[in-house]
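Here's the structure we're looking at; comments come further down.
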Amino acid sequence: MAIEDMVKQLNELFDKVEEFLKKVKDSESQGDFHAEVLANRIEAAITRLSVKGSVYREQLRRGSGYSFQKRLIHNLQVLITLREDLRAGWTESVVELVHADTYSDYLEMAEALLAKGYKDAAAVIAGTSLEVHIRALCVKNGVTTAVAGKPKKATTMNADLKKAGVYDGLQEKEVTAWMGLRNSAAHGDYGDYDHGKVRRFLDGVHAFIKQYPA
């Protein structure tokens, strides 16, 4: 999910809380009911837009025992913190973790397929994860991902990342080799590689994503 979409969701909830606080002239029980609903919605949004172990989730946990309206105000403060950090670009590590979780899901799928003997499908899925990560690395490091309005090929972006000093020539060559294996799988050249090469491919992509987070 893009940062702009995250901020938009948080803004919508912020507006709803602001509206509630302006109109809270109902009975105490009704006010508590709406406060609880809004507090729960904020908690769900922050949990959805952050990652396990983040400071935002820890802050939510600290307010879990508060009364309804006090919990609402507490959660609103956490929402504002997350929203402003997103706007300021101070959540890079959070975004990297979200990306890492996404790539991990794909790689886990590839691992499961390889374990069942489907080396070709595993290679294609791992290669897709690698290409998406390469593109994300370009965005992170200010490397263009398109030429004349058309997306660059993964091999071009790989070379551009090397030129930009994101990683060295040895890493570039390794990524090129991985992409070659992925292309063989995608084009049906299944005899170009074996189970062991796909195993090393998956291990290499795991390490690459960890060493160069995007």
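Positions are given from 1, in the same order as the sequence printed here. All values reported here derive from a predicted model rather than from experimental measurement. Side chains included, hydrogens not; waters and symmetry mates left out as well; all remaining heavy atoms used.
Between Glu131 and Arg182 there is a salt bridge, since a side-chain N of the basic residue sits under 4.0 Å from a carboxylate O of the acidic one. A salt bridge links Arg61 with Glu58; the closest basic N to acidic carboxylate O contact falls under 4.0 Å. Arg41 and Glu12 are not joined by a salt bridge, as no carboxylate oxygen comes within less than 4.0 angstrom of a charged side-chain nitrogen.
To the nearest 0.5 Å, atoms NZ (Lys163) and CG (Asn158) are separated by 11.0 Å. Note that CG of Asn75 is 8.5 Å distant from CG of Asn40, once rounded to the nearest 0.5 Å. Taken to the nearest 0.5 Å, the CG atom of Leu137 stands 12.5 Å off from the CG atom of Asp160. The distance from atom CG of Leu72 to atom CD of Glu36, rounded to the nearest 0.5 Å, is 10.5 Å. With rounding to the nearest 0.5 Å, the separation of CG in Leu86 from CG in Leu10 is 6.5 Å. The distance from atom NZ of Lys173 to atom CG of Asp168, rounded to the nearest 0.5 Å, is 10.0 Å.
With Asp120 contributing its side chain and Ala185 its backbone, the two residues share no donor-acceptor pair below 3.5 Å. Using a distance-only test at 3.5 Å, with no hydrogens or angles considered, no donor-acceptor pair links the side chain of Asn141 to the main chain of Val143. Checked by atom type and distance alone, the side chain of His206 never pairs as donor or acceptor with a backbone atom of Leu107 at under 3.5 Å. With hydrogens and angles ignored, the 3.5 Å screen pairs a side-chain donor or acceptor of His187 with a backbone N or O of Asn183.
Residues Leu60 and Ser50 are not in side-chain contact: their nearest non-hydrogen atoms beyond the backbone lie 4.5 Å or more apart. In this structure the side chain of Tyr56 never reaches within 4.5 angstrom of the side chain of Leu49, judged on heavy atoms. Using a 4.5 Å heavy-atom threshold, the side chains of Lys140 and Pro213 count as touching. Asp15 places none of its side-chain heavy atoms less than 4.5 Å from the side chain of Glu19. A 4.5 Å side-chain heavy-atom check between Leu202 and Trp178 finds every atom pair outside the cut-off. No side-chain heavy atom of Cys138 sits less than 4.5 Å from a side-chain heavy atom of Thr144. Put simply, the side chain of Pro151 reaches to within 4.5 Å of the side chain of Arg135, judged on heavy atoms.
The cationic group of Lys119 lies under 6.0 Å from the six-membered ring centre of Tyr193 and within 45° of the ring axis, placing it in a cation-pi geometry. Cation-pi check for Lys116 over Tyr118 is not met; the charged atom does not lie both under 6.0 angstrom from the ring centroid and within 45 degrees of its normal.
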Begin with the C-alpha distance, continue with both residues' side-chain angles, and end with the deciding distance and a verdict on salt bridge (Lys or Arg N to Asp or Glu O under 4.0 Å) for Glu43 and Arg48. CA-CA 8 Å; Glu43 182 174 336; Arg48 185 170 62 251; over 6 Å; no

Margin query: Test ring pair (Phe, Tyr, Trp, His ring centres under 6.0 Å) on Phe208 and His133; report intermediate values, then the result.
Written below: CA-CA 10 Å; Phe208 176 73; His133 189 72; 5.8 Å; yes

Can Phe68 and His34 be said to form a side chain to side chain contact (heavy atoms under 4.5 Å, CB included), step by step? CA-CA 9 Å; Phe68 297 135; His34 289 301; over 6 Å; no

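In the hydrophobic clustering of ILVMFWY residues, with side-chain heavy atoms under 4.5 Å counting as a link, Val124 and Leu114 come out apart. Cluster membership for Tyr66 and Ile42, using ILVMFWY side-chain heavy atoms within less than 4.5 angstrom, is not shared. By the rule that hydrophobic residues join a cluster once side-chain heavy atoms approach within less than 4.5 Å of another member, Val139 and Met6 end up as members of separate clusters. A continuous path of ILVMFWY side-chain contacts below 4.5 Å connects Leu13 to Ile80, so both sit in one hydrophobic cluster.
A donor-acceptor contact closer than 3.5 angstrom is absent between the side chains of Ser184 and Asp189.
Other residues, nucleotides and ligands contribute over 12 non-hydrogen atoms within 6.0 Å of the CZ atom of Arg57. Heavy atoms of other residues, nucleotides or ligands lying less than 6.0 angstrom from NZ of Lys16 number 12 at most. Within 6.0 Å of the OH atom in Tyr167, the count of heavy atoms belonging to other residues, nucleotides or ligands exceeds 12.
Scanning both residues, Ala122 and Ala110, for their nearest heavy atoms gives CB-O, 3.4 Å.
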